[in-house]
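The figures that follow rest on heavy atoms only: side chains count, while hydrogens, waters and symmetry mates do not. Remember, it's a predicted structure, so these values are computed and weren't measured experimentally. The chains referred to below are lettered A, B, ... by the order of the sequence lines, with proteins before strands, and numbering in each begins at 1.
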Protein chains: 2
Amino acid sequence: MIDPQAVSQGAPGSPDPGAGAAGAATSSAGSPLPPLTERQRAILRLIVQEYVQTGRPVGSKGLTERHAVGVSPATIRNEMAGLEEAGYLQSPHTSGGRVPTDQGYRYFVHHLMGAVELPSVDQIMIRHQFRQVEVQLEQWVELAASVLAETAGIVSVVTAPRPAVPRLRHFELIALQPRLALLILVTHESLVRQVMVRWPEDTDQESLSRLADALVSEVRGLTADEIAARARGGDGPARFVLGQLEGTLRGLDAVGQTEVRHSGLENILGLPEFAGADAQGLLDLFRGGAFLGAVLPQLGAGPDVQVFIGDENPADALRRFGVVLSTYGVDGSVTGILGVVGPTRMAYGRSISSVRYMARLMSDLVADLSSA
Amino acid sequence: MIDPQAVSQGAPGSPDPGAGAAGAATSSAGSPLPPLTERQRAILRLIVQEYVQTGRPVGSKGLTERHAVGVSPATIRNEMAGLEEAGYLQSPHTSGGRVPTDQGYRYFVHHLMGAVELPSVDQIMIRHQFRQVEVQLEQWVELAASVLAETAGIVSVVTAPRPAVPRLRHFELIALQPRLALLILVTHESLVRQVMVRWPEDTDQESLSRLADALVSEVRGLTADEIAARARGGDGPARFVLGQLEGTLRGLDAVGQTEVRHSGLENILGLPEFAGADAQGLLDLFRGGAFLGAVLPQLGAGPDVQVFIGDENPADALRRFGVVLSTYGVDGSVTGILGVVGPTRMAYGRSISSVRYMARLMSDLVADLSSA
DNA sequence: GCTAGCACTCGTTCCCGCCGAGTGCTAACG
DNA sequence: CGTTAGCACTCGGCGGGAACGAGTGCTAGC
């Protein structure tokens, strides 16, 4: 049903091939890689799986002890040496086992990962949680973040859906104080915004309602630009309201202020690779959306999940992470981004299937709510 | 202008007096404490200040080197011994300096802390930030959390204001889909809620507007109970809407679902006392409002700042923390809670003044927005 | 082509001794 | 009588060294 191969690569080549690799020939530069033998593939798969699970470098002896490979440690060593030369593994120290390189993970994701559909237990659990609540689109975002973090077991990031060209569907004015009103607007995509506006003169609910009634049919279905044009002709209060509507609509598609929800930080704070260092740094990374600002430009518009592993990440701050992202929404009309971030040694299979599933779910929700 | 003494104590006595104290006589149990001499007070003040700043136990020699006390280390040692016997200090190890006890902090907060007004630089900075934004009351909450965390330099917690008995001021219905509508209601206190409601039959904006217009004057100013009574007489759609209004109003004052915003976790993650251990535990503590659930029952309704130090905290999870809290809002009508949480060795002066200032600011905002 | 054996590397852990900061006590001093 | 100087003692932290174990590359034999 779902094609496991349909996972696109973040960046086509490692931007800095000379980074880690020990003294040996790093290969993979000019010459085409010889295809891996079936046994090498099996060993690579085992190493990735084991390292993902334990986080400790895996050695030849341990491998043969824990798994029923048919050969001796020495043979494994030979094959490992080959894999290392080809760039799929690296040894962090002279002794102490080997660890997959970014390229190794990449190969695993492309060729070795088995079925990538989310287990139906999880699917049911997720659908159940989403059925519990009956709220607005933008609260789905929060729920999506928390469910995604829980399902994938790492940190999730979700942006609210953003319409390409928002069109006004409806608005209301509510008096709060004689000179203070609440402006509520709804777009075609069912996004809702409330803004407080300081009213230039004393007013009351009745006159505000009259004003809204009079204007609403005039501006229904218009974009910010069209409303601006309309505003130039209007008189005092009407003109004022139109200006506010225009500004709020423009705010909706402003890239800069996209808010990024995250969840599940506690999932990775305990991991050994982030233990000693910078719990602070991690928090900072996800706060304030500095995170997405870095990744977003690289994100293709394609409907499928994209994977960035280690050095493939555009931003320096993300070099130590693996990132699995997808867009969601209705093509060309309203889109958002969701995904997960974890250590490079994350369970890519589960991450990818979780992200893909959640993206579908959110796309369906957005589609349901946006009126043509 | 502000009375530094007007800080009430969280819990009257330490619930577990035998906890830390070494073998010596723990005193402070039955006999009234002899008042501290002026020199002891000065030394205690120095120790608290120094420990708050550095986080390392402070010894007699270091004290005399870093501060121009007029006496020798030996004298300091004698006084320290007295302070330890009286329960204000404790020595974590045989050597290595002394550390204030909860009681020591308490004495400091009550009798040794100097001026507690927030420096006007900060006051100006805060007012400035609040003037920048023009949003709804509930977004003030988020801003308050972040400003408070920044000003006090530790973790802040802020709950949204909650009306004692919410009364409806206005509501609107907006059609999203033929069978899906958005219900927006505003209370007298200017709290806004949006709920999506699944409509029992196909409808459109026009009929929804008519319905809302007809009903709104009927229910203006009513409480949930009064609306429920009114609903019993209504017919189909009206009755349905009244039911939704009632439910949403009830949700507003439900204690259980009070949402707690926090900010500034990164400020304390770096501290030595939380370094090794449980970044995870810390996150968990503040997520999901489990935190306030524990403290809230203990919180007096008094208008002033309350301080809980270490063991004075009602919840076990907070035994390692100092907590400074205040209510804010309009007495008896709409109230929220805000405060900061940090290690017991926090800068109480700054925390208390920050919390007090922010509580005033938020109270003013709430008062401005709530129509009599 | 696979495997057993072997010498070697290197990170980890534990132990031990040193150092420094701090303490309590006692005796001397003004 | 309060204050101070001196002293023996305690204890945590740090650094070096030994023992250990996991892993490696290489070579020779099956």
Q) Which of these passes side chain to side chain contact (heavy atoms under 4.5 Å, CB included) with A:V307: A:H110, A:R106, A:E312? A) A:R106

Q: Using whole Å, report how far CZ of B:R77 lies from C1' of C:dC25.
A: 10 Å

I need the [X] [atom1] to [Y] [atom2] distance, nearest 0.5 Å.
X	Y	atom1	atom2	answer
A:T54	A:R66	OG1	CZ	7.0 Å
A:R45	A:F108	CZ	CZ	7.5 Å
A:E79	A:L44	CD	CG	11.5 Å

Q. Quick one: are B:Y88 and B:Y105 in side-chain contact, heavy atoms under 4.5 Å?
A. no

Q. Does a nitrogen or oxygen in the side chain of A:R39 sit under 4.0 Å from OP1 or OP2 of C:dG1?
A.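 A:R39 to C:dG1 OP1/OP2: no side-chain N or O under 4.0 Å.
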
(Q) For a 4.0 angstrom threshold against heavy atoms of chain B, report the outermost contacting nucleotides of DNA chain D in 5' to 3' order. (A) D:dT3 to D:dG12

Using atom types as modelled and distance alone, determine if a side-chain donor or acceptor of [X] lies under 3.5 Å from a backbone N or O of [Y].
X	Y	answer
A:N313	A:R319	no
A:S91	A:T94	no
A:T151	A:S354	no
A:N78	A:T75	no

Q.
Give me the atom names and distance for the closest heavy-atom approach of A:R98 to A:I47.
A. O-CG2, 4.4 Å

Q) Near DNA chain C, which residues from residues 52-76 of chain B have a heavy atom under 4.0 Å away? A) B:G59, B:S60, B:K61, B:G62

Produce the list of close N/O pairs, under 3.5 Å, pairing protein atoms with atoms of nucleotides 9-15 of chain C; give distances to one decimal.
unit_1: C:dC10; atom_1: OP1; unit_2: A:T94; atom_2: OG1; d: 3.0

